[in-house]
Amino acid sequence: MDIAYFPGCTLHASSKLYDVQTKLVLNRVNVQLKELDDWNCCGATSASKTDDFLAIAMPARNLGIADYMGLSHLVIPCSACYSRMRVAKKRLEADGHLKKEINRELKKKVTGKTEIISILELLVSLMGTREWKTNTHKYLRTLRPACYYGCMQTRFPLDLHVPDNVENPQSMEFILRALGARPINWSYKTDCCGASASVNDPELALGLMANIMRDAIAREADCFVTSCPMCQLNLDAYQEQVKKTHNITKRMPVYLITELVGLGMGMEPEELQIDRHFVDAVGRVKELPLL
């Protein structure tokens, strides 16, 4: 099965390992990712805060490329990119004048025929397939992850269909239970980690991350798992600062969903680049039954 693929800037930079894992995992279940040719930054949060037209035009160019490819679905792992692309598609559907204005400057026009899906939607849709059942096993049965979705995965500034429960999403739990893990029930799964405030307002961001960590620890989680590269980076890279500033003693490895699915498929931590984390993430998985 061929699916259009938009990695976005983060998966080609600070979260390159997420790009590697996504391709490894999906290739194992016969999904071939076709990366958009000559894609551009979606604008993330910056464009939407400075220029409303640019905030739509930047993702629109990518949507036009995806439509031109002729594939039915476009998968976007990054939560911010996923949000911006879905918002732009909705805005263009609702505003014919804006769509015409933007398309006038695009070589590959936006038609709106390509459906945008997240990595979680894609993984859930694959769970009933023969390829999934053949390749995945209940290797994660001693793991107690806190599934952390972050604030963007299920919340949009427009009225958009959300393929999960907005306040209490369950898709990661569904995937991980199928692999034998025992995800905890907790209250901070859609709270904000601070996002880019970790750079310009670290006191605020560290406080938000401390709240997330305390609740997960109190509920006896032994790790975090997320599908958002910004959330993964923040909780991983700034965890030592959070611990020192807010008197937290326990370390918590922060996995991307593709890492745990890859482990459930029998892949080695080094193959998935789990050894590249700031907080040691290999030690916990070495205790799992598959290794």
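Throughout, numbering of the chain's residues begins at 1 and tracks the sequence.
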Novice: Is His277 reaching over with its side chain to a backbone N or O of Val254, donor-acceptor style, under 3.5 angstrom?
Specialist: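 Looks like yes, one N/O pair under 3.5 Å.
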Novice: Going by the ring pair (Phe, Tyr, Trp, His ring centres under 6.0 Å) test, which pairs reach into residues 16-71, not counting sequence neighbours?
Specialist: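 The answer is Phe6-Trp39, His12-Trp39.
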Novice: Going by the side-chain contact (heavy atoms from CB on, under 4.5 Å) test, name the single residue among Ile212, Leu208, Thr226 that passes it with Cys193.
Specialist: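 Answer to the side-chain contact (heavy atoms from CB on, under 4.5 Å) test with Cys193 among Ile212, Leu208, Thr226: Ile212.
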Novice: Would you mind reporting whether Leu123 and Trp132 have side-chain heavy atoms less than 4.5 Å apart?
Specialist: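 Yes, at least one pair of side-chain atoms sits under 4.5 Å.
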Novice: Might you point out which heavy atoms bring Pro183 and Glu173 nearest each other, and give the distance in Å?
Specialist: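 Minimum heavy-atom separation between Pro183 and Glu173: CB-CG, 3.7 Å.
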Novice: Under 3.5 Å, is there a donor-acceptor pair between the side chain of Lys189 and the main chain of Trp186?
Specialist: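 Such a contact is absent between Lys189 side chain and Trp186 backbone.
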Novice: Taking atom CD as the centre, does Glu203 end up with more than 12 heavy-atom neighbours from other residues, nucleotides or ligands that are less than 6.0 angstrom away?
Specialist: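 Counting other residues, nucleotides and ligands, CD of Glu203 stays at 12 neighbours or fewer.
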Novice: Might you work through the side chain to side chain contact (heavy atoms under 4.5 Å, CB included) test for Met209 and Asn234, ending with a clear yes or no?
Specialist: CA-CA 8 Å; Met209 285 185 264; Asn234 269 357; 3.8 Å; yes
Novice: Applying side chain to side chain contact (heavy atoms under 4.5 Å, CB included) to Leu98 and Arg91, what does each step give before you reach the verdict?
Specialist: CA-CA 8 Å; Leu98 178 63; Arg91 285 280 305 276; 3.9 Å; yes
Novice: If you draw a 6.0 Å radius around CG in Asn200, do more than 12 non-hydrogen atoms from other residues or ligands fall strictly inside?
Specialist: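 Counting other residues, nucleotides and ligands, CG of Asn200 exceeds 12 neighbours.
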Novice: Using the side-chain contact (heavy atoms from CB on, under 4.5 Å) rule, pick out the option among Thr258, Val261, Ile119, Ile3 that qualifies with Leu26.
Specialist: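 Testing each of Thr258, Val261, Ile119, Ile3 against Leu26, the sole residue satisfying side-chain contact (heavy atoms from CB on, under 4.5 Å) is Ile119.
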Novice: Does Arg86 form a side chain to side chain contact (heavy atoms under 4.5 Å, CB included) with His161? I'd like the steps, not just the answer.
Specialist: CA-CA 10 Å; Arg86 286 202 63 190; His161 168 69; 4.2 Å; yes
Novice: Count I, L, V, M, F, W, Y as connected when their side-chain heavy atoms are under 4.5 Å apart, and connections chain through other members. Are Met267 and Leu140 then in the same cluster?
Specialist: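 Cluster IDs for Met267 and Leu140 match.
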Novice: Which pair of heavy atoms, one from Leu122 and one from Ser125, lies closest together, and at what distance?
Specialist: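 Smallest heavy-atom distance, with atoms named: O-OG, 2.7 Å.
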Novice: Among pairs that include at least one residue of residues 211-239, which meet salt bridge (charged side-chain N to carboxylate O under 4.0 Å, His left out), considering only residues two or more places apart or in two chains?
Specialist: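 For residues 211-239, and leaving out neighbouring residues, the salt bridge (charged side-chain N to carboxylate O under 4.0 Å, His left out) pairs sorted by first residue read Asp215-Arg219, Asp222-Arg284.
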Novice: With a 4.5 Å cut-off on side-chain heavy atoms, are Glu271 and Leu24 touching?
Specialist: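 Of all side-chain heavy-atom pairs linking Glu271 with Leu24, at least one is under 4.5 Å.
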Novice: Supply the atom-to-atom distance Arg61 CZ to Ile102 CD1, rounded to the nearest 0.5 angstrom.
Specialist: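 Interatomic distance, Arg61 CZ to Ile102 CD1, rounded to 0.5 Å: 13.0 Å.
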Novice: Are Asp275 and Pro269 packed together at the side-chain level, in the sense that at least one heavy-atom pair is separated by less than 4.5 angstrom?
Specialist: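 They are not in contact (no side-chain heavy atoms under 4.5 Å apart), so the answer is no.
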Novice: Rounded at 0.5 Å granularity, tell me how far CG in Leu71 sits from NZ in Lys113.
Specialist: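 One gets 9.5 Å once the value is rounded to the nearest 0.5 Å.
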Novice: Could you report the tightest heavy-atom contact between Ala60 and Leu92, atom names first, then the distance?
Specialist: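 Nearest pair, atom of Ala60 first, then Leu92: CB-CD1, 3.8 Å.
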Novice: How far does CG of Asn135 sit from CG of Leu126, to the nearest 0.5 angstrom?
Specialist: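 Spacing of CG (Asn135) from CG (Leu126) equals 11.0 Å.
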Novice: Of the non-hydrogen atoms in Ala178 and Met127, which two are nearest, and what is the gap between them?
Specialist: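 Scanning both residues completely, I find the closest heavy atoms to be CB-CE, 3.3 Å.
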Novice: Are Lys23 and Glu35 ion-paired here, with the side-chain N under 4.0 Å from a carboxylate O?
Specialist: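 Salt bridge present between Lys23 and Glu35.
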Novice: Any link between Ile117 and Ile257 through a network of hydrophobic side chains (Ile, Leu, Val, Met, Phe, Trp, Tyr) touching at under 4.5 Å?
Specialist: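 They do share one cluster, since a chain of ILVMFWY contacts under 4.5 Å joins Ile117 to Ile257.
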Novice: Distance-only criterion, 3.5 Å: show the donor-acceptor pairs between side-chain atoms of residues 27-34 and protein atoms not counting sequence neighbours.
Specialist:
from, atom 1, to, atom 2, distance (Å)
Asn27, OD1, Gln32, NE2, 3.3
Arg28, NH1, Met265, O, 3.1

Novice: When you look at CZ of Phe156, are more than 12 heavy atoms from neighbouring residues, nucleotides or ligands closer to it than 6.0 Å?
Specialist: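 Atom CZ in Phe156 is crowded, with more than 12 foreign heavy atoms closer than 6.0 Å.
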Novice: Hey, mind stepping through Arg130 and Thr134 against side chain to side chain contact (heavy atoms under 4.5 Å, CB included) and telling me if it holds?
Specialist: CA-CA 6 Å; Arg130 178 178 58 83; Thr134 300; 4.0 Å; yes
Novice: Report the residues that fulfil salt bridge (charged side-chain N to carboxylate O under 4.0 Å, His left out) with Asp280, sequence neighbours left out, ordered by chain and then residue number.
Specialist: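 Asp280 satisfies salt bridge (charged side-chain N to carboxylate O under 4.0 Å, His left out) with no other residue.
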Novice: Can you tell if the side chain of Thr142 reaches within under 4.5 Å of the side chain of Leu288, non-hydrogen atoms only?
Specialist: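 Sidechains of Leu288 and Thr142: in contact.
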Novice: Backbone N or O of Val110 within a donor-acceptor pair of the Asn103 side chain at under 3.5 Å?
Specialist: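 Indeed, once roles are kept as given, a pair shorter than 3.5 Å links the two residues.
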Novice: Is Tyr82 reaching over with its side chain to a backbone N or O of Val75, donor-acceptor style, under 3.5 angstrom?
Specialist: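 Absent.
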Novice: Please report the shortest heavy-atom distance between Ala216 and Met252, naming the atom on each side.
Specialist: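 That closest heavy-atom pairing would be CB-CE, 3.9 Å.
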Novice: If we only count heavy atoms from C-beta on, is the Tyr5 to Leu11 side-chain gap below 4.5 Å?
Specialist: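 Result yes, sub-4.5 Å side-chain heavy-atom pair found.
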Novice: Would a distance-only check, ignoring hydrogens and angles, find a side-chain to backbone donor-acceptor pair under 3.5 Å from Thr114 to Leu74?
Specialist: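 No; zero donor-acceptor contacts below 3.5 Å.
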Novice: About how many Å separate CG of Leu120 and OG of Ser79, when rounded to the nearest 0.5 Å?
Specialist: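 Those atoms lie 7.5 Å apart.
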Novice: For Arg144, check salt bridge (charged side-chain N to carboxylate O under 4.0 Å, His left out) against everything at least two apart and list the hits.
Specialist: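 In terms of salt bridge (charged side-chain N to carboxylate O under 4.0 Å, His left out), with neighbours along the sequence ignored, Arg144 is linked to no residue.
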Novice: Quick one, Pro169 and Thr190 - any side-chain contact, counting heavy atoms below 4.5 Å?
Specialist: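 Pro169 vs Thr190: side chains touch.
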Novice: Less than 4.5 Å apart, side chain to side chain, heavy atoms only: is that true for Asp191 and Cys151?
Specialist: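 Side-chain contact under 4.5 Å: no.
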Novice: Does a side chain donor of either Ser118 or Glu121 reach within less than 3.5 Å of an acceptor in the other side chain?
Specialist: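 Side chains of Ser118 and Glu121: pair found under 3.5 Å.
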Novice: Does Lys100, at its NZ atom, have more than 12 non-hydrogen atoms belonging to other residues, nucleotides or ligands within less than 6.0 Å?
Specialist: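 Count not over threshold, so no.
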Novice: If only atom types and distance count, is the side chain of Gln239 paired as donor or acceptor with the main-chain N or O of Leu235 below 3.5 Å?
Specialist: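 Side chain of Gln239 to backbone of Leu235, a donor-acceptor pair under 3.5 Å: yes, one is there.
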Novice: Of all heavy-atom pairs between Thr10 and Pro229, which one has the smallest distance, and what is that distance?
Specialist: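 Looks like CG2-CB, 3.7 Å.
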Novice: Tell me, do Met85 and Pro59 make a side-chain contact under 4.5 Å, heavy atoms counted?
Specialist: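 In short, these two side chains touch, coming nearer than 4.5 Å.
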Novice: State whether the side chain of Gln153 and the backbone N or O of Gly150 hold a donor-acceptor pair below 3.5 Å, judged by distance alone.
Specialist: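 No; judged by distance alone, with no hydrogens or angles, the pair does not exist.
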Novice: For the pair Glu259 (side chain) and Leu256 (backbone), establish whether a donor and an acceptor sit closer than 3.5 Å, ignoring hydrogens and angles.
Specialist: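 Flag set: sc Glu259 to bb Leu256 pair under 3.5 Å.
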Novice: Please, which pairs that meet ring pair (Phe, Tyr, Trp, His ring centres under 6.0 Å) have at least one residue in residues 246-269, sequence neighbours excluded?
Specialist: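 Output for this query is empty, none listed.
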Novice: Looking at Lys243 and Glu240, is there a salt bridge between them, counting it only when a charged N and a carboxylate O are closer than 4.0 Å?
Specialist: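 Yes, Glu240 and Lys243 are salt-bridged.
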Novice: State whether the side chain of Thr245 and the backbone N or O of Val242 hold a donor-acceptor pair below 3.5 Å, judged by distance alone.
Specialist: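 A pair under 3.5 Å: no.
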Novice: Hey, is the main chain of Ser171 close enough, under 3.5 Å, to the side chain of Tyr149 for a donor-acceptor pair?
Specialist: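 Such a contact is found between Tyr149 side chain and Ser171 backbone.
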Novice: Distance check, rounded to the nearest 0.5 Å: Ser187 atom OG versus Glu167 atom CD?
Specialist: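 It comes to 11.5 Å.
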Novice: Rounded to the nearest 0.5 Å, what's the gap from CD1 on Ile248 to CE on Met213? Could you check?
Specialist: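 Going from CD1 on Ile248 over to CE on Met213, the span is 5.0 Å.
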